[in-house]
Amino acid sequence: MNYDICIIGAGVVGSLIARQLSKYKVKIAVIERNVDVSMDATGANSGIVHSGYDAKIGTKKARFNVEGCNMMPALCEDLSVKCKMIGSFVLAFDKDDEKVLQQLYDNGIKNGVTGMAIVDRDFILQKEPYVNPLVTKALYAKNAGIVSPYKLNIAAMDNAIMNGVMFLRETKVTGIEKKDGLFHIAVDVTGDICSMSKIDPIKEEDRTDITAKIIINCAGAHADEISHMAGDDSFKIIPRRGEYILFDKTEGSRINTVLFQTPTEKGKGILVTPTVDGNLMIGPDATLAQDKDDKCTNSDNLDYVYKTATQSYTGLNMKKSITVFAGIRATPSTSDFIIEESSKCKNFINVAGIESPGLTASPAIAVYVEGIVRSLMEMKEKAKDEYTMTVKHDKPFSEMTNEEKEKACSSDELCRKIICRCETVSEKEIVAAIYSPCGARTVDGVKKRTRAGMGRCQGGFCSPHVMRILSEHTGIPVNRIAKANANSCMLGRYSRG
Ligand SMILES: Cc1cc2nc3c(=O)[nH]c(=O)nc-3n(C[C@H](O)[C@H](O)[C@H](O)COP(=O)(O)OP(=O)(O)OC[C@H]3O[C@@H](n4cnc5c(N)ncnc54)[C@H](O)[C@@H]3O)c2cc1C
């Protein structure tokens, strides 16, 4: 299939770029090795909208962090994604820490961050009663916030698909060759979930003989390998794992802002934060990963995360932890985001090394990459009624008033069937997630879209029902329904289903 633009990687960066370009009359494919979006760094991070005081002055990181932070609330509004600009503290416990606060403040001013102040102990404890009372001062950043990274990623891809972008899932790029100015992209099919599903629009010809005039490399931790395929070895990606502990929603209501410790050379330190959905989360540590896809957690690292978090926050109750997870940072050898046309390969754009604050920066990166593409290719904008930049969702059942619930249930029986009791998710919502533009095909896909399985029992009760619903609507046999990718079937070989 011939495309004008192929974007490799469907994390938040690739998906927002696809959405940004989907308003033009060009044929775009996003090629993703996993069965869903948001299965790498975007699916496992802190979800913080950083205000931008710590990025090195004059870097792309600093520029896109501040721009992206300013853009995030409006983008989330357009995409019906929850984003709460709740502010953040960097906590100081001694004079050395206080010096760091001043440096961060000065750096922030130079980066163009507004809404910062160095505040005293009383201010902090009034806002956050569970902060360690030994705190002396803090850098308060009013413009920081929290967002659901995977919901943003899913909504961006939904929007792109609504505008005609082709999403090639379970498709791994294995080689790139340039002939007569055209890229020929070799791919491997990585799983059979989409081919088993009767509702998937991917036809075999969509992913055979793929050619593109422009490639945008958004392959996260694997971006150096993709760049190498195009003949550009100018950078390396060093994978660094970060581990987290997530706590029950009972714990989230006791914290109002994002709490950072003073940064070290390894990163921003261990943070304590509420999530947009009301949980409490602590993490991440930073350890070198041998394997770019090794997202295993380790009890020693989690112990470190817990002990370090208790230095800033006294309200942690490990009995209320509900799950642990890890994400891999794509740390670039160049120390800055790499967002440019490769000097070694014309029309090949690297969007690489997008480590933190890449989630925050992603809306601004998408607009910047649109500019690069426009400088390389003439693109005509579609008529206003031929595309949309907004996505609308029904209100989640759990957030409806009793009157709204009654009204919804009277017109739709599936509303009355509550599948996930922890998070009050109805069968109607799960079905809607399956039929959405970038529809869920796995148990984790349903979980990320609807929160079924996100609660205290972590899917102990609802997973079998979610599997049944997935199977009924996609046609995938129930014993082939997977948790994440095709090799993670939930059941053994035999089942009565
Ligand atoms: C522990 C941690 C904490 C973080 N915290 C924050 C935070 O609080 N705030 C913030 O702003 N940022 C944060 N970040 C950074 C943020 O998560 C990333 O910058 C962002 O998610 C990067 O998105 P991406 O699309 O570039 O990469 P990814 O989400 O990793 O997506 C890359 C995609 O490329 C695909 N791919 C790779 N190779 C191939 C191939 N050969 N063929 C096809 N597809 C391929 C992958 O499967 C993947 O889906 C954090 C990151 C980590 C790891």
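Atoms within a ligand are numbered from 1 in the order they appear, just like the ligands themselves.
Exactly one residue among Ile199, Thr450, Val466 makes a side chain to side chain contact (heavy atoms under 4.5 Å, CB included) with Ile434. That residue is Ile199. Of the listed residues (Leu359, Ile48, Val12), just one forms a side chain to side chain contact (heavy atoms under 4.5 Å, CB included) with Pro149, and that residue is Leu359.
The pair Lys172-Glu32 fails the salt-bridge criterion, with no side-chain N (NZ, NE, NH1 or NH2) lying under 4.0 Å from an Asp/Glu carboxylate O. With respect to the salt-bridge test (charged N to carboxylate O, under 4.0 angstrom), the residues Asp158 and Arg449 do not qualify. Salt-bridge formation is not detected for the pair Glu251/Lys249: no Lys NZ or Arg NE/NH1/NH2 atom is positioned less than 4.0 Å from an Asp or Glu carboxylate oxygen. Between Asp444 and Lys483 there is a salt bridge, with a side-chain nitrogen of the basic residue lying less than 4.0 Å from a carboxylate oxygen of the acidic one. Between Asp336 and Lys61 no salt bridge is recorded (no basic side-chain N to carboxylate O distance below 4.0 Å). Taking a cutoff of 4.0 Å between a charged side-chain nitrogen and a carboxylate oxygen, Arg441 and Asp36 do not qualify as a salt bridge. Asp303 has a carboxylate O that lies under 4.0 Å from a charged side-chain N of Lys307, or vice versa, which qualifies the two as a salt bridge. A salt bridge does not link Arg329 to Asp40: none of the charged nitrogens lies less than 4.0 Å from a carboxylate oxygen. Using a cut-off of 4.0 Å between Lys/Arg side-chain N and Asp/Glu carboxylate O, Lys292 and Asp224 are scored as salt-bridged. Between Lys346 and Glu341 there is a salt bridge, since a side-chain N of the basic residue sits under 4.0 Å from a carboxylate O of the acidic one.
Side-chain contact between Ile193 and Glu170: present, with at least one pair of heavy atoms (C-beta onward) separated by less than 4.5 Å. For the pair Ser148 and Val276, the minimum side-chain heavy-atom distance is below 4.5 Å.
Ligand-side atoms of ligand 1 in range of Pro357: 10 (C), 11 (O), 12 (N), range being under 4.0 angstrom from any heavy atom. Within ligand 1, counting atoms from 1 as listed, the ones closer than 4.0 Å to a heavy atom of Ser46 are 3 (C), 4 (C), 5 (N), 8 (O). Close approach to Cys218 involves these atoms of ligand 1, each under 4.0 Å from a residue heavy atom: 32 (C), 33 (C), 34 (O). Residue Val12 has at least one heavy-atom neighbour below 4.0 Å for each of these atoms of ligand 1: 23 (O), 25 (O). Distances below 4.0 Å separate heavy atoms of Gly9 from the following atoms of ligand 1: 33 (C), 34 (O), 35 (C). Heavy-atom contacts of Thr171 reach the following atoms of ligand 1: 43 (C) (cutoff under 4.0 Å).
The part of Ile328 lying near ligand 1 is the backbone, judged by heavy-atom distances below 4.0 Å. When non-hydrogen atoms are compared, ligand 1 lies under 4.0 Å from neither the backbone nor the side chain of Ala221. At a heavy-atom distance under 4.0 Å, only backbone atoms of Ile31 (N, CA, C or O) approach ligand 1. Contact annotation for Ile226 and ligand 1: only side-chain heavy atoms (C-beta onward) come within less than 4.0 Å of the ligand.
Considering backbone and side-chain atoms together, Ala41 places an N or O closer than 3.5 Å to an N or O of ligand 1. Polar contact with ligand 1: absent for Arg329 (N/O pair, distance under 3.5 Å). Residue Lys172 has no N or O atom closer than 3.5 Å to an N or O atom of ligand 1. In terms of polar-atom proximity, defined here as any N/O pair under 3.5 Å, Gly327 makes no such contact with ligand 1. In terms of N/O distances under 3.5 Å, ligand 1 is approached by Ile354. Annotation: His222 places no N or O atom under 3.5 Å from an N or O atom of ligand 1; distance criterion only. Of the N or O atoms in Val173, one or more lie within a sub-3.5 Å distance of an N or O in ligand 1.
Judged by the shortest distance from any of its heavy atoms, His50 lies inside the 4.0 Å radius around the atoms of ligand 1. Residue contact annotation: Gly47 has a non-hydrogen atom under 4.0 Å from ligand 1. Within the structure, the closest approach of Val49 to ligand 1 does not fall below 4.0 Å when heavy atoms are considered.
The protein atom (non-hydrogen) at minimum distance from atom 50 (C) of ligand 1 is Asn45 CB, 3.4 Å. The closest protein non-hydrogen atom to atom 46 (C) of ligand 1 is Asp40 OD2, 3.4 Å. Among all non-hydrogen protein atoms, the one lying nearest atom 26 (O) of ligand 1 is Val13 CG2, 3.4 Å. Of the protein's non-hydrogen atoms, the one nearest atom 23 (O) of ligand 1 is Thr42 OG1, 3.3 Å. Protein heavy atom nearest atom 2 (C) of ligand 1, with residue, atom name and distance: Tyr244 OH, 3.6 Å. Among protein heavy atoms, atom 27 (O) of ligand 1 sits closest to Gly220 CA, 3.8 Å. Atom 39 (C) of ligand 1 has its closest protein heavy atom at Arg33 CD, 3.7 Å. For atom 48 (C) of ligand 1, the closest non-hydrogen atom of the protein is Glu32 OE1, 3.4 Å.
Of all the listed residues (Ile48, Asn485, Leu359, Ile8), Ile48 holds the heavy atom that lies closest to atom 9 (N) of ligand 1.
Side-chain rings of Phe89 and Phe260 stay apart, their centers remaining 6.0 Å or farther from each other.
Note that Lys60 lies outside the cation-pi zone of Phe337, set by a 6.0 Å cut-off to the ring centre and a 45° limit from the axis.
Atoms CD1 and OG1, from Ile124 and Thr257 in turn, are 9.5 Å apart once rounded to the nearest 0.5 Å.
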